[in-house]
Amino acid sequence: MNILLAGINAKFIHSCLAVHSLRMYAREQYGIEAETAEYTINQLREEVLADLYRRNPDLVGFSCYIWNISFIRPLIRELKQVLPRTRILLGGPEVSFDPEQILSDTGADFILTGEGEESFSQLCLALEQSRPLDQVPGLVWHSERGTAHNPPPSPLDLSRLPFVYEDFSLFENRILYYEAQRGCPFSCQYCLSSLEKGVRFQPLDKVFRELQQFLDHRVRQVKFVDRTFNANPSFAMAIWRYLHEHDNGVTNFHFELAAELLTPEMLDFLPQVRPGLFQFEIGVQSTHEPTLEAVQRSGSFQRLSEKVQALRKGENIHLHLDLIAGLPYEDFQRFRKSFNDVYALQPEQLQLGFLKLLKGSGLRRDQEKLGITAREEAPYEVLFTREMPFSRMLALKDVEAAVDSYYNSCQFRTALDYLCGLAPSPFDFYLGFSAFCRREGAFEKPPSRMERFELLYRYGSSLPHCSKTHLAWLLKFDLCSREKPRKLPGWMPETAEKQRIYHFYEQPELLRRLLPEYDGLDPKLISRMAHLEFFPFDPTGKGEGEAAVLFNYRRTDILGNAFTVFLSHETL
């Protein structure tokens, strides 16, 4: 039997862990051979259909999520027309909570609910050997008596979970995903992880062997898909210690964790790891207590804040904090406070997301009682709530765009620090700036990099008490932190110290000491690759008077900004 598992991703850089896990488990446990194919929602549906047709599978399975279901639905109908004898299998969270309706709407043959590895293998065996389908766990299917729902599968023994990366070259230029545990200890009502009771873990020796393969192949980034990585502190610490001790200097590991579960041992250990080795995503969601209670989100913001501040002291871990707009009992002004509370923690990334009423979630069940109105089609995003009208939600959409383009890019940090200080609060700054960008058409046609500098300068200059000269120098510092400046806009100041700059690059011993990454290169070439700039003040606010700043583009911090050296008058 020709079996194909198809993953349809949101972007090319993503990979579909689910289809690879099903394929490898079926082969390792039962000798079943299946192929995988990956596409994206940005491809033409006709191209995907043509490729599936040429493969001509007897059984094709799709992994279904909120981001790809609108692509998959019409694809299934067309596939049934061109390959009428091909049987279609669906799995994933988007089809697991109304499988009977999905079968009726799409014309698919089977749906697997719950964990898929064992169920998929049993389905393949049943089809190949003409065995009864009623023994396949978690299967929903068309029987002679109507739609049949088989009992759910037993939780998988994670020691049998396969490592899916046989050939790393197949995943070149993609984010790789890894699963060390399943389940979540929390009951957040906007999340499907709350439906699974308990947390299961892979054996640590198996985890170490598999993580070493990522390290040996020097992959750029590995994202753990575990919902709360530090649910078991000793398990998390063992993995962190292993990665620290076997660090290859290249690979970055991303974890989603609960800050309140960070232990003193963790906070003592984490400052020791290489800058850039770890990246933490922490869901704050809201700082409004009634909202957190309504969604059964445990923990206090004060405690979370203390743990995040402790992490920040090490200056070596990229912190990503999440907020959700549209949660119950949080109006516009109260969301403003949540935003400002999180912004004050100065994470490397602040993700402003919008509530999605996922099938099977508690908030979807209680949406009428809570006064939440959301789109009826995937991704079921909130339109408005009893507390947050649609007009305010639209304003937050623009704030999200401005935060993502400016703050999360990490390219305008010194200028943003200055400008947010001129506004009543950071939220008020982004609200005003995003409205300005909307009027300028910046959200309809994405601006170029220099146009983004221009927009920020023009808006910032309009704020009360803003010094245009001061802002222009700060923006020049931000520009130099990412690239050696070439052609500058008219409002950005030119350096007046060209002779001192020429003299600096004529001192070979000084260059070797301050720019060891450029050792062996001709000084004239170094002057075209590194950058020395004289500022009338210290743009970081840490010093007084003139600042001579050397930008080393061959060495960067965890934000991707050039390593900077502040030179003294004696050095120059």
Asp404 side chain vs Gln351 backbone, donor-acceptor pair below 3.5 Å: no
Shortest non-hydrogen separation from Val82 to Leu49 and the atoms involved: CG2-CD1, 3.9 Å
Contacts of Tyr65 that satisfy side chain to side chain donor-acceptor pair (under 3.5 Å) - sequence neighbours left out: Ser63
Heavy-atom check, side chain of Ile324 versus side chain of Ser286, under 4.5 Å: no
Gln202 and Ser159: side chain donor to acceptor below 3.5 Å: no
Candidates Phe208, Phe229, Phe269 - the one meeting ring-ring contact (aromatic ring centres under 6.0 Å, His included) with Trp240: Phe229
Side chain proximity check, Cys188 to Gln296, heavy atoms < 4.5 angstrom: no
Distance flag, aromatic centroids of His288 and Phe335, threshold under 6.0 Å: no
Electrostatic pair Arg297:Glu289 at N-O distance under 4.0 angstrom: no
Pro137 backbone acceptor or donor facing Asn150 side chain under 3.5 Å: no
Ring-ring centroid check His20 Phe171, cutoff 6.0 Å: yes
Six-ring centre of Phe12, Arg174 cation under 6.0 angstrom, axis tolerance 45°: yes
Donor-acceptor contact present, side-chain Ser130 to main-chain Ala126, <3.5 Å: no
Asp105 with Arg77: basic N within carboxylate O range, under 4.0 Å: no
Side-chain donor/acceptor of Arg27 to backbone N/O of Ile32, under 3.5 Å: no
Side chain to side chain contact (heavy atoms under 4.5 Å, CB included) between Thr373 and Gln367, intermediate numbers included: CA-CA 7 Å; Thr373 300; Gln367 70 175 105; 5.7 Å; no
Salt-bridge contact Arg87-Asp58 (side-chain N to carboxylate O under 4.0 Å): no
Which atom of Ser96 lies closest to which atom of Thr113, heavy atoms considered: O-CG2, 3.7 Å
Stepwise side chain to side chain donor-acceptor pair (under 3.5 Å) check, Asn232 with Ser234: CA-CA 6 Å; Asn232 181 328; Ser234 62; 2.8 Å; yes
Distance-minimising heavy-atom pair for Val273 and His244: CA-ND1, 3.7 Å
Under 3.5 Å donor-acceptor, Ser405 side chain and Ala402 backbone: no
Evaluation steps, side chain to side chain contact (heavy atoms under 4.5 Å, CB included), between Lys359 and Asp98: CA-CA 8 Å; Lys359 292 179 180 179; Asp98 56 351; 3.0 Å; yes
Worked verdict on Tyr407 versus Gln349 for side chain to side chain donor-acceptor pair (under 3.5 Å): CA-CA 7 Å; Tyr407 183 84; Gln349 293 243 321; over 6 Å; no
Glu47 versus Tyr39, side-chain donor and acceptor atoms under 3.5 Å: no
Whether Thr86 side chain and Pro57 backbone form a donor-acceptor pair below 3.5 Å: yes
Nearest heavy atoms of Ala238 and Leu204, plus distance in Å: CB-CD1, 3.7 Å
Whether Phe235 and Phe201 hold their rings parallel, tilted or perpendicular, with breakpoints at 30° and 60°: tilted
Donor-acceptor contact below 3.5 Å, side chain Asn68 vs main chain Thr40: no
Modelled atom types, side-chain donor and acceptor of Glu387 and Tyr329, under 3.5 Å: no
Residues in side chain to side chain donor-acceptor pair (under 3.5 Å) contact with Asn248, at least two apart in sequence or another chain: Thr251
SB check Lys356 Glu381 (cutoff 4.0 Å): yes
Worked verdict on Gln213 versus Tyr165 for side chain to side chain donor-acceptor pair (under 3.5 Å): CA-CA 9 Å; Gln213 294 198 50; Tyr165 301 104; over 6 Å; no
Gln29 side chain vs Ala26 backbone, donor-acceptor pair below 3.5 Å: no
Pairwise side-chain contact, Leu133 with Ser143, heavy-atom cut-off 4.5 Å (strictly under): no
Worked verdict on Ser338 versus Glu330 for side chain to side chain donor-acceptor pair (under 3.5 Å): CA-CA 9 Å; Ser338 288; Glu330 188 162 61; 2.7 Å; yes
Main-chain N/O of Leu4 paired to Glu35 side chain as donor or acceptor, under 3.5 Å: no
Any donor-acceptor N/O pair, Asp226 side chain to Glu179 backbone, under 3.5 Å: no
Sub-4.5 Å side-chain heavy-atom contact between Tyr190 and Leu327: yes
Side chain to side chain, Phe163 and Tyr178, heavy atoms closer than 4.5 Å: yes
No-hydrogen, no-angle side-chain donor-acceptor test under 3.5 Å, Tyr380 and Glu94: yes
Within 45° cone of Phe253 ring axis and under 6.0 Å: Lys223 NZ or CZ: no
Exercise: identify the closest heavy-atom pair between Asp134 and Trp141: N-CZ2, 3.8 Å
Side chains of Pro162 and Arg23 in contact at under 4.5 Å (non-hydrogen atoms): no
Given Glu128, Gln135, Gln129, the one that forms side-chain hydrogen bond (donor to acceptor under 3.5 Å, both in side chains) with Arg131: Gln129
Arg182 and Leu156, any side-chain heavy atoms less than 4.5 Å apart: yes
Between Glu38 and Asn9: side-chain donor-acceptor atoms closer than 3.5 Å: yes
Residues in side chain to side chain donor-acceptor pair (under 3.5 Å) contact with Gln181, at least two apart in sequence or another chain: none
Beyond-backbone contact of Phe224 with His254, side-chain heavy atoms, under 4.5 angstrom: no
Pair Glu245 + Arg241, salt bridge at N-O below 4.0 Å: no
Nearest non-hydrogen partners of Gly183 and Val199, listed with the distance: C-CG2, 4.0 Å
